[in-house]
Amino acid sequence: MDFSFEGNSMGGEPRGLTPGGLSAGFEGYLSPSDEDYRAVLTSGLVVLDTNVLLNLYRFDQQARVDLLAVLWRIRDGIWIPHQALEEFWRNREAAILSRSNMRREALDALQKPVRAISHTIENWCRSVGISRERQSELMDLVDSTHRALRGVIEVPDGDDPLHGARDTNRDPVFAALRPMLEGRVGTGLPSEDLVVALQEADRRAAGRIPPGYMDRDKPDHRGPGDYLVWEQTLREAGQRSVDVLFVTSDVKEDWWRKVRGAPAGPRVELVDELRDRAGTRLFMLQPQQLLGIVGRLLDVEVRPDSEKQIETAAKGTSGQGSGDGDRVRLYLTSALERLLPSGSEVATNVAVNRSAWDVSVTVGESLGAVVWIYDPVKPFNDLATDSVILTARQMVEQFKNAVRRPWMACVVDLANLMTRMRADVNPWERARNGDGELMNRAVDTFQPYLDELRQIGFDEVEVVAGVDQGEPPAAEAFQRIDRLVQRLATSLDTADS
């Protein structure tokens, strides 16, 4: 059936129709064509969100090389909002350091089922009368599988292209991005404009107006951060009068219009706002989609597995630390294993004379150092009842009669304390002031106990605020733990001499 027609059989113009046509004012619902993408990639503004840059440290080598090749191909149109770059630098070290931390966490988690399986096989063989020879064969099968899995996860430092990347002189990601982004980073908002923008971010958050309202309760500058990225993008697009392609791994509802839970395009409100402010169109892609489209339209070679790897890695970046000290312990352990000589043995969750130490270092036959990580579930209760001091005294007293007392350290993780303190602070006020002020308040609250821990007999007491991935305080926490490890290594060298 053909519904096409010419003119109007009743004469005159049709009544009740929008003069601009079917899609006028509803552009946010239109699906982009290849021509749309080709145009915005070659003559528009390609805006990269912070997570696109940070995830380059989380991809495998193949996916990283392919994404960098795609970005290099479209470099003339790339632009980075100043807020996005500021967040990149605040989180860069945490992203790099989380690689080794996550590897250690995976290896630690892998060990637990192996022990359980071995115990199960041993009990089963005993109960059904399996011969020792057959039991040994089964155990060898478990061991070989475990070794194979460890071999995949446990990459030697020399084989890791990002080993040592905390040093910007040895960072291949920074080396690739630096020439690519030269002259393509925006300036920050003037102070008077920033005040207005923060007020607007507050208003939008209260009214659930995109973008950024989903981050309202996040610490540091990450509350209004998304809106600041958006406002800077609107200004740049208005000055240039060009279409915008916004590339982000963020899939929250305050950026994307979703259909059955899946991103289907930018929020209609964002499309309308860019049209009203700059007179141009908005497109959005996730990095894996950018990889496929640029590879197809602009003849860039992209390996088939890279899109899937980027998608998988991006999904894994939203997780946060558990807050139970595990991430601190895992990073401390991996840092010790990297620094200490081969004759040293690092162990976790070690019971020494009835006291549970989180990490121990054995040199030869001697216990050289022990570390206790205090990460209270109810910090104010601990402070009110002095339970932390009582526990600390018991742990130190275990060694009062030792021939050679080990070096003892306490890492105080104030993550839980700060979480409870955040609940009493307006999130947008906290966003303006940052978590540094909150950290200082937490330390001040705990300071008498820190002094007493040192007087009790701990050789070192270090304070951190968690090492959750992507949190700005994580980089400082990693650095504090690194300094503790250096002091521990120095104490062992002194003891040996």
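For the single chain, residues carry numbers from 1 onward in sequence order.
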Decide whether [X] and [Y] meet the rule of one side-chain donor and one side-chain acceptor closer than 3.5 Å.
X	Y	value
Asn51	Thr248	yes
Glu87	Thr50	yes
Tyr57	Arg64	no
Trp255	Asp226	yes
Glu236	Gln232	no

inquiry  = Between Arg480 and Glu460, is the salt bridge (Lys or Arg N to Asp or Glu O under 4.0 Å) condition met? List the steps.
reply    = CA-CA 12 Å; Arg480 288 174 177 268; Glu460 293 286 346; over 6 Å; no
Salt bridge or not between [X] and [Y]? Use side-chain N to carboxylate O under 4.0 Å.
X	Y	value
Arg235	Glu231	yes
Asp250	Lys252	yes
Glu253	Arg208	yes
Asp482	Arg166	yes
Arg454	Asp459	no

Kindly indicate whether the side chain of [X], heavy atoms from C-beta on, has any atom under 4.5 Å from the side chain of [Y].
X	Y	answer
Arg393	Glu452	yes
Leu453	Val412	yes
Phe59	Ile310	yes
Val464	Ile481	yes
Ile96	Arg92	yes
Val371	Cys410	no
Val370	Phe399	yes
Val244	Trp79	no

So, for [X] and [Y], which heavy atoms are closest and what is the spacing to 0.1 Å?
X	Y	result
Val247	Val52	O-CG2, 3.4 Å
Ser306	Ala63	OG-CA, 3.7 Å
Leu228	Ala197	CD2-CB, 3.8 Å
Pro266	Trp256	N-CE3, 4.3 Å
His82	Gly188	CG-N, 3.4 Å
Trp372	Trp357	N-CE3, 3.6 Å

*Is the CD atom of Glu192 crowded by more than 12 outside heavy atoms at less than 6.0 Å?*
yes
Over 12 non-hydrogen atoms of neighbours within 6.0 angstrom of CZ in Arg483 =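 Enclosed: over 12 neighbouring heavy atoms sit under 6.0 Å from CZ of Arg483.
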With a 3.5 Å distance limit and no angle check, can you tell me whether [X] reaches the backbone of [Y] through a side-chain donor-acceptor pair?
X	Y	answer
Gln289	Gln286	yes
Asp358	Ile373	yes
Lys258	Val251	yes

Between the CD atom in Gln83 and the OH atom in Tyr227, the distance rounded to the nearest 0.5 Å is 12.0 Å
Check: Trp230 ring centroid to Phe246 ring centroid under 6.0 Å: no
